[in-house]
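Have a look at the structure below, then the notes.
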Amino acid sequence: MIVDYVRYTVPEAARADFEKAAAGHHVERAPGRYLVRAPSPFGGIEGFTPDGEPERFETTTPSLYDWAGGREALVRLLTIFYRHVLEDPQLEPVFRGMDAHHAEHVAVWLGEVFGGPPAYSESHGGHAHMIGRHLGRGITEPQRRRWVSLLLDAADEAGLPADPEFRAAFAGYVEWGSRLAVLFSAPGAEPNPHEPVPRWDWPRPPWPPAGP
């Protein structure tokens, strides 16, 4: 089955009309934005213009990267996030002096982790480079928790999809990755630099499916 994913940005005054017109479709909501999922070909929501051409998939499960909104959404997320980081007294010392393009570089990493192009592995040094950015920094547990909190807040501010499935996957990676960062940054840590960039997917139940 081929499925179309179509994004709409809708002014506040028109949102009630949009939601009425979209009734019967699978719609995911974020502040001022909607993602409509429908069997292809999808003719659109009558009276409303989509943000661009439909994204078409030969599966009903797009990658987290595509569902989030691709590179543009991740750059927006991380630009907002690192702005708040530099304003935060707990985290600013850790990130003081970071490169002006740090948000874009991390967006490339997160894009690959979430199933997007393998650009971090191909052009940014892969997992070994990311590990190297954490060695010896001595990140504390309170700093990790603050980092997680600010990033989850930034996801709201950036308008990432708010459906429970996406946010569960997003929060799961943030928790997992930030805890590894604490381990990698500890004095004497010797993480394996040859591991590939991790790939994160939608949540799965913690039990195996029942047999036939």
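- Applying the ring-ring contact (aromatic ring centres under 6.0 Å, His included) test to His124 and every residue at least two apart in sequence or in another chain returns His105, Tyr120.
- Residues that satisfy the side-chain hydrogen bond (donor to acceptor under 3.5 Å, both in side chains) test with Ser149, not counting sequence neighbours, are absent from this structure.
- Residue Leu86 is not grouped with residue Val75 when hydrophobic side chains (ILVMFWY) are merged at heavy-atom distances under 4.5 angstrom, including chains of intermediate members.
- Among the candidates Trp202, Trp200, Tyr65, the single residue satisfying the ring pair (Phe, Tyr, Trp, His ring centres under 6.0 Å) test with Tyr173 is Trp200.
- To the nearest 0.5 Å, atoms NE2 (His25) and CG (Asp4) are separated by 11.5 Å.
- A salt bridge (Lys or Arg N to Asp or Glu O under 4.0 Å) check over residues 85-101, counting only residues at least two apart or in different chains, returns the pairs Asp88-Arg146, Glu92-Arg96.
- Under the 4.5 Å side-chain heavy-atom criterion for grouping Ile, Leu, Val, Met, Phe, Trp and Tyr, Trp147 is connected to Leu150 within one hydrophobic cluster.
- Placement of Ile80 and Phe114 in two distinct hydrophobic clusters is found when ILVMFWY residues are connected by side-chain heavy-atom separations under 4.5 Å, directly or transitively.
- Counting side-chain heavy-atom gaps under 4.5 Å among Ile, Leu, Val, Met, Phe, Trp and Tyr, the cluster of Val6 also holds Tyr8, Val10, Phe18, Val27, Tyr34, Val36, Phe42, Ile45, Phe48.
- For Arg29, there are no side-chain hydrogen bond (donor to acceptor under 3.5 Å, both in side chains) partners, not counting sequence neighbours.
- Every pair passing side chain to side chain donor-acceptor pair (under 3.5 Å) that includes a residue from residues 177-186 is listed here, sequence neighbours excluded: Arg144-Ser178, Glu175-Arg179.
- Other residues, nucleotides and ligands contribute more than 12 heavy atoms inside 6.0 Å of the CD atom of Glu141.
- In this view, Glu157 and Arg83, His84 satisfy the side-chain hydrogen bond (donor to acceptor under 3.5 Å, both in side chains) rule, not counting sequence neighbours.
- Rounding to the nearest 0.5 Å places CE of Met98 at 7.0 Å from OH of Tyr82.
- Close placement of the Tyr5 and Trp67 rings is indicated, their centers lying within 6.0 Å of each other.
- Side chain of Arg76 to backbone of Ala158: a donor-acceptor contact under 3.5 angstrom is found.
- Grouping the Ile, Leu, Val, Met, Phe, Trp and Tyr side chains by contacts below 4.5 angstrom, directly or via other members, places Trp109 with Leu151.
- Closest approach of Val182 and Thr140 over heavy atoms only: CG2-O, 4.3 Å.
- Taking NE2 from His26 and CG from Asp163, the interatomic distance works out to 7.0 Å, rounded to the nearest 0.5 Å.
- With sequence neighbours excluded, no residue satisfies side-chain hydrogen bond (donor to acceptor under 3.5 Å, both in side chains) with Arg199.
- Rounded to the nearest 0.5 angstrom, Ile131 CD1 and Glu190 CD are separated by 12.0 Å.
- Remark: Ala155 engages Leu77, Leu160, Arg167, Phe170 in a side chain to side chain contact (heavy atoms under 4.5 Å, CB included) (not counting sequence neighbours).
- Applying the salt bridge (Lys or Arg N to Asp or Glu O under 4.0 Å) test to every pair with at least one member in residues 100-128, sequence neighbours left out, gives no pairs at all.
- By the side chain to side chain contact (heavy atoms under 4.5 Å, CB included) test, Pro187 pairs with no residue at all, sequence neighbours left out.
- Criterion: ILVMFWY side-chain heavy atoms under 4.5 Å apart, direct or through other members. Under it, Phe95 and Ile139 are not part of a common hydrophobic cluster.
- By the salt bridge (charged side-chain N to carboxylate O under 4.0 Å, His left out) test, Glu28 is found to be paired with no residue, residues two or more places apart in sequence or in another chain being considered.
- For the atom pair Ser121 OG and His129 NE2, the distance stands at 12.5 Å (nearest 0.5 Å).
- The number of heavy atoms from other shown groups lying within 6.0 Å of CZ (Arg33) is above 12.
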